[in-house]
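Since we're looking at a predicted model, the values are computed, not measured. Protein chains get the first letters and strands the later ones, always in sequence-line order, with residue 1 at the start of each.
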Amino acid sequence: MLDPNLIRSNPEKVKKGIASKGADPTLVDQFLEIDKKRREVIVTVDDLRHKRKELSQTIGKLIKESKNPEEIKEEVRKIGDLISEKEKELEVLNKEFEEILLSIPNLPHESVPVGKDETENVVLRKEGSIREFKFKPKPHWEIGEYLDIIDFKRATKISGSRFYVLKGLGAKLERALISFMIDFHVEKHGYKEIFPPVLINRASMIGTGQLPKFAEDMYKIEGEDLYLDPTAEVPVTNLHRDEILSEDDLPIKYVAYTPCFRKEAGAAGKDTRGIIRVHQFNKVEMVRFTKSEDSYEHLYELLDNAEDILRALKLPYQIKMMCTGDLGFTAAMKFDPEVYMPAQEKYVEISSVSNFEDFQARRANIRYRTKTNELKYVHTLNGSGLAVGRTMAAILENYQNEDGSVSVPEVLQKYIGIDKIVKA
RNA sequence: GGAGAGGUGGCUGAGCGGUUGAAAGCGCCUGACUCGAAAUCAGGUAGAAGGUAACCCUUCUCGUGGGUUCAAAUCCCACCCUCUCCGCCA
């Protein structure tokens with residue numbers, strides 16, 4: 001959430017910022033109206049409670065002096081009734097205040113290009129070299145079925161559409177990718193590995209910003225206060241919810257593998273073939289908690305960490321900078337590395353690297369104490385490193401051979417034990 | 001699931017109806033001593049929401065939510081969580 005004081009002192013700036021993200025700028029006016037009422041009632045309630053406190057203490061004294069306190073008791077009782085009345089009013093206002101604060105998106109960083117939607121994102125650079133095929137490259141789902149390492153039909157039987165089963169070397173390649181990515185980030189980039197739960201409570205979902213606004217894209221466990229993890233960002237960022245860290249602890253760098261579950265509501269008809277858009281996929285996620293002043297340095301480092309995996313796998317990719325309209329609810333700045341898919345001759349998002357500044361930290365109440373005893377909100381960042389299923393799809397397409405086999409990228413060979421996947 | 005114990009500040013831990021938002025210790029900050037550090041000594045140090053130009057002032061918070069009372073960390077009820085034992089179990 002945003003700092004309420006920022007909205008109060010600079011409403012025009014906030015309006016402009018959220019409007020550039022496509023949010024309704026009148027949210028700011030609604031906030032200011034509720035905020036004003038709320039503060040008025042707070043003053044009233046505080047005064048009444050102050051009076052009650054004083055009189056109650058007087059009663060204590062009177063009793064000690066064995067004088068009759070009945071008259072004052074009656075007065076305090078009346079004040080008490082008045083207080084409960086006003087408190088009810090305040091409770092409603094507090095709720096409205098909170099709701100509206102939680103529904104206002106983060107402001108874009110001023111250097112983010114203004115744009116209305118994904119068509120106005122900016123490609124910053126292209127990396128790696130696109131292979132020239134002497135034959136027509138096949139899409140990954142055809143390769144996967146031909147090699148009998150991906151089974152879509154049977155996944156439909158046990159679960160439904162947008163699921164897939166990995167078999168044999170396909171399953172092993174998936175495991176190899178997970179291990180490779182985690183080892184790489186731990187050993188080369190200094191992250192600490194986390195293996196979190198994937199059933200997550202509501203408070204955590206609010207902390208990172210999935211709730212209350214995006215409930216329709218999440219799987220909820222019936223009858224329990226639990227949701228299926230949509231990304232490791234949620235459990236890992238919430239590790240430090242309601243904590244006060246020491247400045248010496250920062251930066252904290254975590255890497256976690258989790259399966260991710262998404263309903264993909266509103267994506268009907270999009271990427272229906274293959275393993276690009278599915279309800280359950282694996283992802284290795286990097287999360288950082290930093291001091292407020294150096295989060296942007298960390299953002300570029302995080303982006304480079306994600307790219308490092310693509311470089312190691314020798315996959316061609318491009319870096320896209322998201323414009324304001326495609327930043328999403330929580331990010332202040334976001335880069336999407338996109339991998340090249342030769343069969344479709346297009347780039348596909350394979351990672352997403354964001355700085356949330358203090359937006360999540362305010363929601364999740366994650367602070368740190370500076371050396372001079374000041375309390376500040378941390379900045380949180382995260383980036384996929386990488387989406388495992390999409391990486392597998394990219395490998396199948398980029399490393400395919402004319403005979404239908406797929407070569408194994410060099411860095412994965414020690415994990416999978418062979419250098420080529422051939423039809424069994 | 002059953003029985004018992006417990007949830008208090010950054011941490012440990014006392015308090016169990018009325019200046020107790022809370023003893024003590026640790027940690028942290030400032031100062032003294034020191035060439036510097038350690039040790040020692042002195043002082044400071046919970047968070048949030050409001051009010052105020054400011055010094056400061058007020059309210060709320062002792063797991064969460066209700067209740068009793070003029071007044072609740074303290075008494076009562078419900079729930080949540082943690083620990084120990086028992087049962088079940090990959």
Figure out the CG/P separation between Leu101(A) and rA48(B), and round it to whole Å.
16 Å

Once pairs are restricted to Watson-Crick or G-U wobble with both distances under 3.5 Å, how does RNA chain B read as a dot-bracket string, [ ] for crossings and | for other-strand pairs?
((((((((.[[[..)..(.....]]]((((((.......))))))((((((....)))))).[[[[[..)....]]]]])))))))....

Step-by-step side-chain contact (heavy atoms from CB on, under 4.5 Å) determination, Arg288(A) to Ile252(A):
CA-CA 5 Å; Arg288(A) 292 191 183 205; Ile252(A) 294 173; over 6 Å; no

Base, sugar-phosphate, or nothing for Leu375(A), non-hydrogen atoms under 4.0 angstrom?
sugar-phosphate

Does Lys371(A) reach a base, just sugar-phosphate, or nothing at all? Heavy atoms under 4.0 Å.
sugar-phosphate

Using the P atom on both, measure rU84(B) against rU69(B) and round to a whole Å.
41 Å

Sugar-phosphate, base or nothing in reach of Leu55(A), heavy atoms under 4.0 Å:
nothing

Which nucleotide, rA49(B), rG18(B), rA46(B), lies nearest any side-chain atom of Ile42(A)?
rA49(B)

With a 4.0 Å limit, can you tell me whether His50(A) has a side-chain N or O closer than that to the phosphate oxygens OP1/OP2 of rU58(B)?
no

Does a side-chain N or O from Arg38(A) land closer than 4.0 Å to OP1 or OP2 of rG50(B), or not?
yes

Starting from P on rG65(B), measure out to CD on Glu87(A) and report it in whole angstrom.
13 Å

Please determine whether a side-chain nitrogen or oxygen atom of Lys53(A) lies at a distance below 4.0 Å from atom OP1 or OP2 of rC60(B).
yes

When rounded to the nearest Å, what value does the distance between P atoms of rG6(B) and rC70(B) take?
30 Å

Tell me the closest heavy-atom pair linking Val14(A) and Leu107(A), and the distance in Å.
O-CD2, 3.8 Å

If the cut-off is 4.0 Å, is Arg39(A) near the phosphate of rG51(B), judged by side-chain N/O to OP1 or OP2?
yes

What integer number of Å spans the C1' atoms of rG27(B) and rC33(B)?
22 Å

Check this for me: Glu110(A), atom CD, are more than 12 non-hydrogen atoms of other residues, nucleotides or ligands nearer than 6.0 Å?
no

State whether Arg52(A) places a side-chain N or O below 4.0 Å from either non-bridging phosphate oxygen (OP1 or OP2) of rG18(B).
no

So what does Ile72(A) touch, heavy atoms closer than 4.0 Å: a base, only the sugar-phosphate, or nothing?
nothing

Could you state the atom-to-atom distance from CG of Asp47(A) to C1' of rU59(B) in whole Å?
9 Å

Sugar-phosphate only, base, or nothing, as touched by Arg8(A) at under 4.0 Å among non-hydrogen atoms
sugar-phosphate

Nucleotide rG50(B), atom P - distance to CG of Asn94(A) in whole Å:
9 Å

With rounding to whole Å, what would you report as the distance between rU64(B) and rG7(B) at their P atoms?
13 Å

Between rG10(B) (P) and Leu250(A) (CG): distance, integer Å
17 Å

Do Lys263(A) and Glu216(A) meet the salt-bridge criterion of a basic N to acidic O distance under 4.0 Å?
no

Nearest-angstrom distance, P atom, rC75(B) to rC41(B)
38 Å

Any side-chain N or O of Arg49(A) below 4.0 angstrom from OP1/OP2 of rA71(B)?
no

Under-4.0 Å salt bridge between Lys78(A) and Asp81(A)
no

Determine, for Glu74(A) against Arg77(A), whether the closest basic-nitrogen to carboxylate-oxygen distance falls under 4.0 angstrom.
yes

Nearest-angstrom distance, C1' atom, rA37(B) to rU19(B):
43 Å

Charged N to carboxylate O below 4.0 Å: is that the case for Asp248(A) and Lys371(A)?
yes

Please give, in whole Å, the distance from rA71(B) P to Ile59(A) CD1?
8 Å

Which pair of non-hydrogen atoms, one from Leu2(A) and one from Arg362(A), has the smallest distance, and what is that distance?
C-CD, 3.9 Å

For the rings on Phe163(A) and Phe152(A), is their centre-to-centre separation under 6.0 Å?
no

Pull out every protein N or O sitting under 3.5 Å from an N or O of nucleotides 73-80 of chain B, one pair per line with the distance.
none

Count the heavy atoms of every other residue, nucleotide or ligand shown that sit under 6.0 Å from NZ of Lys16(A), and state whether that count exceeds 12.
no

